[in-house]
Peer 1: 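Supplied in structure tokens, the structure appears directly below.
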Amino acid sequence: MAGSVQILGTGQLVTLSRRLRAAGGPRLRANTSRRIRRAAEPLHKDLQQAIRTVQLPGSGRKVRGGPSPTTRPLRATLAGAVRISVRTGASPGARVWMDKGRLPDDLKNMPWVIDSGRVRHPVFGNRKRWATQWARPSGWWARTVQTGTPRMRAEVERVLRDVRRDLE
């Protein structure tokens, strides 16, 4: 199959997907998916590391309290919910996202709350007493995505150039 493929937008990715199906079959498609996933993995790891290193200092205890009502580690739970998905069908591409399905019900919005910088919560589950904690640094998701996207985009473009070369 001869010809040139220039990837400019989503429509051309769909065209490339169709040409992959026709030309290389499952082997070429699997190879492309694997390489696109590898291009997204550094951003995935950076996001997990960013949430693990966010500081949530408290204002300090004024009265000695009891044990924590939960035993799960907050940052590790949030880091485990960062996922990568690669699509090669109708809308091909890679996506790094926060899977709310992997989070407990009481933490569904916590990644975005921490990203905003202000975490307000009841003290040890007591809804009559509330505490505010400030995430340092705030914007962990936005800043990490902003710094990691150019590297990911360049790697995906390199993969697509290689695929184009294979199709020619």
Side-chain angles (χ1 to χ4, degrees), residues 7-14 17 29-30 32-160:
I7 307 302
L8 293 177
T10 307
Q12 290 179 344
L13 283 171
V14 171
S17 176
R29 194 169 49 242
T32 304
S33 294
R34 187 184 78 248
R35 291 181 64 196
I36 290 174
R37 177 175 292 278
R38 281 192 186 152
E41 282 175 358
L43 179 59
H44 177 251
K45 299 290 183 209
D46 290 348
L47 284 167
Q48 287 181 324
Q49 186 61 32
I51 190 59
R52 284 187 177 112
T53 58
V54 168
Q55 300 281 325
L56 282 172
S59 57
R61 289 185 175 175
K62 293 170 182 61
V63 178
R64 190 159 169 80
S68 174
T70 177
T71 57
R72 67 178 178 263
L74 173 67
R75 290 171 196 82
T77 302
L78 295 177
V82 178
R83 305 276 307 272
I84 300 175
S85 62
V86 176
R87 295 175 311 278
T88 59
S91 62
R95 187 175 94 153
V96 180
W97 53 292
M98 182 64 73
D99 186 2
K100 289 171 80 172
R102 283 191 161 192
L103 294 173
D105 289 337
D106 59 336
L107 296 180
K108 297 271 189 220
N109 292 323
M110 189 56 72
W112 297 276
V113 170
I114 292 175
D115 193 48
S116 73
R118 181 175 175 245
V119 180
R120 188 159 162 75
H121 61 89
V123 177
F124 292 107
N126 180 0
R127 294 215 165 275
K128 293 181 181 175
R129 198 154 164 237
W130 288 75
T132 300
Q133 291 178 272
W134 298 95
R136 295 185 199 144
S138 63
W140 67 274
W141 181 273
R143 266 189 291 106
T144 307
V145 167
Q146 185 178 11
T147 58
T149 299
R151 178 178 59 190
M152 181 176 155
R153 183 172 287 132
E155 181 64 23
V156 168
E157 287 173 0
R158 188 174 69 78
V159 168
L160 293 176

Peer 1: Answer whether the closest heavy-atom distance between the side chains of Leu74 and Met110 falls below 4.5 Å.
Peer 2: yes
Peer 1: Side-chain contact, heavy-atom cut-off 4.5 Å: Pro104 with Thr77?
Peer 2: yes
Peer 1: Under 6.0 Å from the CZ atom of Arg143, do we count more than 12 heavy atoms belonging to anything else shown?
Peer 2: yes
Peer 1: Is any side-chain N of the basic residue among Arg38 and Glu41 closer than 4.0 Å to the acidic one's carboxylate O?
Peer 2: no
Peer 1: Grab the two heavy atoms, one from Ala79 and one from Gln48, that are nearest each other, plus how far apart they are.
Peer 2: O-NE2, 3.0 Å
Peer 1: Nearest heavy-atom pair of Arg151 and Pro42: which atoms, and what distance?
Peer 2: NH2-CB, 3.3 Å
Peer 1: Between Val156 and Ala39, what is the shortest heavy-atom contact and its length?
Peer 2: CG2-CB, 3.9 Å
Peer 1: Where do Val82 and His44 come nearest, in terms of heavy atoms and distance?
Peer 2: O-NE2, 2.9 Å
Peer 1: Can you name the nearest heavy-atom pair linking Ala50 to Trp140, along with the distance?
Peer 2: CB-CE3, 4.1 Å
Peer 1: Any donor and acceptor pair, going by atom type alone, linking the side chain of Arg37 with main-chain N or O of Ser85 inside 3.5 Å?
Peer 2: no
Peer 1: Look at atom CZ of Arg127 and say whether more than 12 heavy atoms of other residues, nucleotides or ligands are closer to it than 6.0 Å.
Peer 2: no
Peer 1: Would you say the side chain of Val119 lies within less than 4.5 Å of the side chain of Thr132, judging by non-hydrogen atoms?
Peer 2: no
Peer 1: Between atom NE2 of His121 and atom CG of Leu56, what is the distance when rounded to the nearest 0.5 Å?
Peer 2: 8.0 Å
Peer 1: Would you check, one step at a time, whether the test side-chain contact (heavy atoms from CB on, under 4.5 Å) holds for Met98 with Trp141?
Peer 2: CA-CA 10 Å; Met98 182 64 73; Trp141 181 273; 4.2 Å; yes
Peer 1: Got a sec: does the NZ of Lys45 have more than 12 other heavy atoms crowding it under 6.0 Å?
Peer 2: no
Peer 1: So, for Asp99 and Arg83, which heavy atoms are closest and what is the spacing to 0.1 Å?
Peer 2: OD2-NH1, 2.8 Å
Peer 1: Could you walk me through whether Arg34 and Val86 satisfy the side-chain contact (heavy atoms from CB on, under 4.5 Å) test, starting with their C-alpha distance in whole Å, then the side-chain angles of each, then the deciding distance to 0.1 Å, before giving a yes or no?
Peer 2: CA-CA 8 Å; Arg34 187 184 78 248; Val86 176; over 6 Å; no
Peer 1: For the side chain of Ser138 and the backbone of Ala135, is there at least one donor-acceptor N/O pair under 3.5 Å apart?
Peer 2: no
Peer 1: How many angstroms lie between OG1 in Thr147 and CG in Leu43, if you round to the nearest 0.5 Å?
Peer 2: 7.5 Å
Peer 1: In Å, rounded to the nearest 0.5 Å, how long is the span from CG of Asn109 to NZ of Lys100?
Peer 2: 5.0 Å
